[in-house]
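Counting starts at 1 for both ligands and their atoms, in listed order.
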Amino acid sequence: MGVPNKVLTLVLIREEYRILLGMKKRGFGVNRWNGFGGKVEAGETIAQGAKREVEEECGLTLTEFEEVGRIDFEFVGEPQILEVHIFRGDKYEGELQETEEMRPEWFALDAIPFHSMWPDDAYWFPIFLRGSKFKGYIKFEGHDKILDCSLEELETT
Ligand SMILES: Nc1nc(SCCc2ccccc2)c2[nH]cnc2n1
């Protein structure tokens, strides 16, 4: 029995022709565009943690969102697996704002900046964008090199 997984959230707010990403300004994944998310705190559900991180990181309040995927990330030399629960944000309220953590920006679905994102995103974003549910396991060496990648599409909604 190794170290328990670190449970994290990742929220991708998607409209018909565009997706909301944030440029990470500090911490894990800095200088990459990503969805909004982070740690799940004691006493909150994973979904509550997802909603909280969106509010903290870009000022929007999710009113409709759904868990659509889960990817376990292993980093060579680190015993703790990152268990990332991925949500699609469908409806939200509030005013989009830049925070200390994230600079938000909308991207057309045919102009997603994969060259400035985590390298695995290019593999699972297409599954996410066609509305399927998915699960995966991805092994990294450092933050740029993928050693193993296994993704399974679970259902097409
Ligand atoms: N898209 C994506 N995201 C992450 S971490 C997401 C979860 C997180 C963690 C810490 C702060 C905020 C959000 C990744 N790791 C390795 N590949 C990856 N791809």
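Defined by atom type and a distance below 3.5 Å, a donor-acceptor pair is present between the side-chain atoms of E153 and S132. For the residue pair E152 and Y137, no side-chain donor N or O sits within less than 3.5 Å of a side-chain acceptor on the partner.
The salt bridge (Lys or Arg N to Asp or Glu O under 4.0 Å) contacts involving residues 71-81 comprise R70-D72, where partners must be two or more places apart or lie in separate chains.
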Tabulated below should be the N or O atoms of ligand 1 paired with protein N or O atoms at under 3.5 Å; can you produce that?
{"residue": "ligand 1", "atom": "1 (N)", "partner": "N34", "partner atom": "OD1", "Å": "3.0"}
{"residue": "ligand 1", "atom": "1 (N)", "partner": "D121", "partner atom": "OD1", "Å": "3.0"}
{"residue": "ligand 1", "atom": "1 (N)", "partner": "D121", "partner atom": "OD2", "Å": "3.0"}
{"residue": "ligand 1", "atom": "3 (N)", "partner": "N34", "partner atom": "ND2", "Å": "3.0"}
{"residue": "ligand 1", "atom": "17 (N)", "partner": "D120", "partner atom": "OD1", "Å": "2.6"}
{"residue": "ligand 1", "atom": "17 (N)", "partner": "D120", "partner atom": "OD2", "Å": "3.4"}
{"residue": "ligand 1", "atom": "19 (N)", "partner": "D120", "partner atom": "OD1", "Å": "3.4"}
{"residue": "ligand 1", "atom": "19 (N)", "partner": "D120", "partner atom": "OD2", "Å": "3.2"}
{"residue": "ligand 1", "atom": "19 (N)", "partner": "D121", "partner atom": "OD1", "Å": "3.0"}

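Remark: aromatic rings of F114 and W33 are distant, center separation not under 6.0 Å.
Salt bridge annotation for E100-K25: absent, with no cationic side-chain nitrogen under 4.0 angstrom from a carboxylate oxygen. Salt-bridge check for R52 with E56: passed, with a basic side-chain N closer than 4.0 Å to an acidic carboxylate O.
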